[in-house]
Number of protein chains: 2
Amino acid sequence: MISVGGSVSIGATMDGPQTVKSPSSSVGDYLKAIWELSEEGAASTKDVADRLSISSSSVSNMFVRLREMGLAEYERYRGITLTEAGRLEALRLLRRHRLIETFLLECLGYSWDEVHEEAERLEHSVSDVYTERLAEFLGHPEHDPHGDPIPGKDGTLKPDDSFPLAEATAGQRLRVFRVGPEDAPTLAVLEGSGLLPGKVLTVREVRALDGLVTVEGEDGKTHTLGGPLADTVFVRSASGGG
Amino acid sequence: MISVGGSVSIGATMDGPQTVKSPSSSVGDYLKAIWELSEEGAASTKDVADRLSISSSSVSNMFVRLREMGLAEYERYRGITLTEAGRLEALRLLRRHRLIETFLLECLGYSWDEVHEEAERLEHSVSDVYTERLAEFLGHPEHDPHGDPIPGKDGTLKPDDSFPLAEATAGQRLRVFRVGPEDAPTLAVLEGSGLLPGKVLTVREVRALDGLVTVEGEDGKTHTLGGPLADTVFVRSASGGG
DNA sequence: GTTGAATTTTAGGGATGGCTAAGGGTATAT
DNA sequence: ATATACCCTTAGCCATCCCTAAAATTCAAC
Ligand SMILES: [Mn+2]
Ligand SMILES: [Mn+2]
Ligand SMILES: [Mn+2]
Ligand SMILES: [Mn+2]
């Protein structure tokens, strides 16, 4: 199926025929960052540097190494894109990350904004066996607590048909599907407004002038969000189960 | 309470006043190995090297670094012992390790011999918060699946009053409390003989000549163990709950 | 088309934590 | 007391992955 860059073997010397050494946590986080950024074409050095809070020169260095490992295609000054091998590795990590977040929230009583940081470390330490047994333990969830889809074992990812609340129109009955950023302050505000994934709401007003969105929750309370915040809340028509 | 080597801060430069940077996974594994070996005084370079499958020269190097970090006392050619700070760090890891093993076995359906390897990695990635929430989730267990006591949050460790099956005498009714090694083949044999922690057995014969021990399980089946194996199974009088 | 700002790369350096090879130290048996 | 086997340390090396400072490139505005 893949014929891009050969195998993912990393060690310089010949190791076994099928040995796929799993990348270090650094490499893994780079792959995830590039994957997340590459919806709009190649990812730039600066984008990745900003996202990972690492200097541009370090990123530039790593780009060369990712190319040498067969995980990415990269040309000087031209940005980077993942190979099929790199994409699969990124999705493997994403699957772990989102399953772990689900476990932390549902089983260990983590709060909404604590889960991401812990998952960011654990995703690199758990084995494939652990991941699949955890998935089973959790009942094979399809979305993480933020509403993001959990990639399948084989790297499949459900297409996302949600849209930002900012683009809704008054009168629509919608279900919160996913929230964008995962920083604590944002999550705290959203939680206060009852805008966590799964919640159903009715749009009362979308004011074109300044983008203010007013919604009414199922409890009848109304909340108003500024445009930027309404851009980070993704919704779908309130029909299917969340 | 401690006045041995000062704080555990590791970075060379001044960081916060109370900053206790948690050791890398390498350092942590060294501390655990030294702790486990130091029941008989100072741990030697070779003992640690063998246990961690690392070259002696690397170990020698690390001993110097552990001393500089205030985690151990060490003199050239004289072996190494942990400071109070080092001991607490080792027990902190041991607590994590054993809680994680319990979780893997009880919740994720890991087999007896799979748990150790996974825990050996995860112990370095989980946070204090994770550890304590996991302990709560598991109902604050006091022993891991191998029967080893789980250290308390504060580094307390229950004294171990078990003894090797090899030192039992015929007629005794005993409860398996703990098994020593954690390699897959040994555990497989023990599992086949129904000698996992918690099982109750009656000693039928202990042959002084070659150390052969014959026991009868609660199901009436008898099993015979060679001396070396009987040395690795630790038992207690079968009275209290396991 | 030149220029200037932003981005990217290169050069050089540091911490961690492995390794092998070679040289010292210790202890035991003779 | 000395030989010798084993253990321990030193020296020198490499890989990973981060950094700062300086040089190179790109791109857009003029
Ligand atoms: Mn996350
Ligand atoms: Mn991560
Ligand atoms: Mn274990
Ligand atoms: Mn470990």
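Below, read A as the first sequence line, B as the second, and so on, with proteins coming before strands; counting in each chain starts at 1.
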Handout entry: Nearest listed nucleotide, side chain of A/Ile54, among C/dT7, C/dG17, D/dC18
Key = D/dC18
Practice task
Could you say whether B/Glu75 or A/Arg65 is positioned toward the 5' end of DNA chain D, judged by the nucleotide with the nearest heavy atom to each?
Solution key: B/Glu75
Practice task
Would you check if there is a donor-acceptor pair between the side chains of B/Asp29 and B/His124 at a distance under 3.5 Å?
Solution key: yes
Handout entry: Distance in angstrom units between B/Leu31 CG and C/dG17 P, rounded
Key = 11 Å
Problem - Option from B/Glu123, B/Glu142, B/Glu132, B/Glu89 for which salt bridge (charged side-chain N to carboxylate O under 4.0 Å, His left out) with B/Arg95 holds - result: B/Glu132
Handout entry: OP1 or OP2 of D/dC8 under 4.0 Å from side-chain N/O of B/Arg78
Key = no
Fill in the blank from the handout: A/Lys46 NZ to C/dT7 P, in whole Å, measures 5 Å
Handout entry: Nucleotide-level pairing of DNA chain D, given in dot-bracket where Watson-Crick and G-U pairs need both distances under 3.5 Å and | marks other strands
Key = ||||||||||||||||||||||||||||||
Practice task
Look at the aromatic rings of A/Phe103 and B/Phe103 and report parallel, tilted or perpendicular, splitting at 30° and 60°.
Solution key: tilted
Practice task
Give one of base, sugar-phosphate or nothing for B/Ser55, where a contact means two heavy atoms less than 4.0 Å apart.
Solution key: base
Practice task
Send over the distance from B/Phe63 CZ to C/dG17 C1', rounded to a whole Å.
Solution key: 15 Å
Completion exercise
note: A/Asn61, atom CG; D/dC17, atom P; distance rounded to Å ~ 11 Å
Practice task
Choose from C/dT8, C/dC19, D/dC17 the nucleotide whose nearest atom is closest to any side-chain atom of A/Thr45.
Solution key: C/dT8
Exercise for the section: Tell me what A/Tyr30 touches on the nucleic acid: a base, only sugar-phosphate, or nothing, going by heavy atoms under 4.0 Å. Expected result: sugar-phosphate
Exercise for the section: Please confirm whether any donor atom in the side chain of B/Ser57 sits under 3.5 Å from an acceptor in the base of C/dT20, or the reverse. Expected result: yes
Problem - Residues A/His97 and A/Glu101: side-chain donor-acceptor under 3.5 angstrom - result: yes
Handout entry: OP1 or OP2 of D/dC19 under 4.0 Å from side-chain N/O of A/Ser58
Key = yes
Exercise for the section: Just grab all the side-chain hydrogen bond (donor to acceptor under 3.5 Å, both in side chains) pairs involving residues 58-67 of chain B, residues at least two apart or on different chains. Expected result: B/Ser55-B/Ser58
Handout entry: Donor-acceptor under 3.5 Å (B/Arg98 side chain, B/His143 main chain)
Key = no
Exercise for the section: Scan side-chain atoms only and decide if B/Asp128 and B/Thr131 contain a donor-acceptor pair under the 3.5 Å cut-off. Expected result: no
Practice task
To the nearest Å, give me how far apart CZ (B/Arg76) and P (C/dG24) are.
Solution key: 13 Å
Problem - Separation of D/dT9 C1' from B/Ile80 CD1 (nearest whole Å) - result: 14 Å
Exercise for the section: Would you mind reading off the distance between A/Met62 atom CE and D/dA15 atom C1', rounded to a whole angstrom? Expected result: 12 Å
Exercise for the section: Nearest whole angstrom, please: distance from the P of D/dC7 to the OH of B/Tyr77. Expected result: 14 Å
